[in-house]
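The structure appears right after this line, and notes come after that.
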Amino acid sequence: MANYLLVESRDPFEYGDSSYFYQVAQDLAGAGNSVTFCLVQNGVIPARKGVKDSPVEKLIKDAPSVKVLADDFSLRERAISADKLVAGVSQASVDDLVDMLVTSGTKAIWH
Amino acid sequence: MTTSGSRTLTMALMDAPYETGTTTTVLRIVDAALRKGINVNVFAYEGAVSLTLKGQAAHPNPVKGTNAEDQDHPSSAKFISALFEKGQEAPKLDWVNCGLCVDERAAGDWIDGPRRGGPGDLLKWSNESTNTLVIGAH
């Protein structure tokens, strides 16, 4: 089992290929890997409650072992407060992201 | 993999200044890593070689009615200069601008700190670092 850190910076309303990245997270988790899916920049937009066909909610439902995080700086920039986040998404700081990046053996992928 | 007990994070970045939020995120990551005592290597290629251009000028904001001094526009070069001050030795910030990309863009007049290199530096760093994060273009 490997430890994956997937960083999603893209808004799926803007980029069609985001859906593949969500699928990668789901498939990696399904194969028994430990997966953290960290939303940054416009990647945090679908973490807002009420988004139709939210890929974030789908990921949380279909791959509950995936840890979904959202960068607090990116959330503040986009006026998304903690109470506006879908259930299952936790806020993380850039310090948390760095800690994950320098955890030995972590495979980090940016999209 | 690390060559010593210290931790090192390598990042490859190709976004030109003032185009995407990725630049801000990367500089935040570099800042956080240095604050934590983690060495950082940055391989800037393609448009990212312009991040460290020395001549970046501040500008006024006519919407707010501020002049360049009041506006104190945060240029990428100023940000990176501050990171170099933070990462002088331990932890250390090493920054390579891809020479081919620099020559293509005539973008070789840098702030103090960056050095010229090539993909071989990224490979070497990757082999020696705790982790490597490669960020492609949007």
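In what follows, chains carry the letters A, B, and so on, assigned in the order in which the sequence lines appear, proteins first and then strands, with residues in each chain numbered from 1. Please read all numbers here as calculations on a predicted model, not as lab measurements.
Both the backbone and the side chain of B:Ile29 come within less than 4.5 Å of a heavy atom of chain A. Interface residue A:Leu101: backbone and side-chain heavy atoms are both found under 4.5 Å from chain B.
Connection of A:Leu5 to A:Ile60 is not established within any shared hydrophobic cluster, with ILVMFWY side chains joined at heavy-atom distances below 4.5 Å, either directly or through further cluster members. No chain of hydrophobic side-chain contacts below 4.5 Å, direct or via other Ile, Leu, Val, Met, Phe, Trp or Tyr residues, connects A:Leu75 to A:Leu97. If you chain together hydrophobic residues whose side chains sit under 4.5 Å apart, B:Ile111 and B:Val49 never meet in one group. Residues A:Leu39 and A:Val66 share a hydrophobic cluster, clusters being chains of Ile/Leu/Val/Met/Phe/Trp/Tyr side chains in contact below 4.5 Å. Both A:Val44 and A:Val68 sit in one connected hydrophobic cluster of ILVMFWY residues. Membership requires side-chain heavy atoms under 4.5 Å apart, directly or through other members.
Taking 4.5 Å as the limit, some side-chain heavy atom of B:Arg28 sits within range of a side-chain heavy atom of A:Asp71. Inter-residue side-chain proximity for A:Gln41 and B:Thr24 is flagged as unmet; no heavy-atom pair is nearer than 4.5 Å.
When A:Val40, A:Thr103, A:Asn42, A:Asp99 are compared by the number of non-hydrogen pairs under 4.5 Å with chain B, A:Asp99 comes out ahead.
The two residues A:Ala108 and B:Leu133 make their nearest non-hydrogen contact at CB-CD1, 3.8 Å. B:Val134 and A:Trp110 make their closest contact through O-CB, 3.7 Å (heavy atoms, listed as atom of the first residue, atom of the second, distance). Taking all atoms of both residues into account, the shortest heavy-atom contact from B:Lys36 to A:Val98 is CD-CG1, 3.8 Å.
In the displayed structure, B:Lys124 atom NZ is contacted under 6.0 Å by at most 12 heavy atoms of other residues, nucleotides or ligands.
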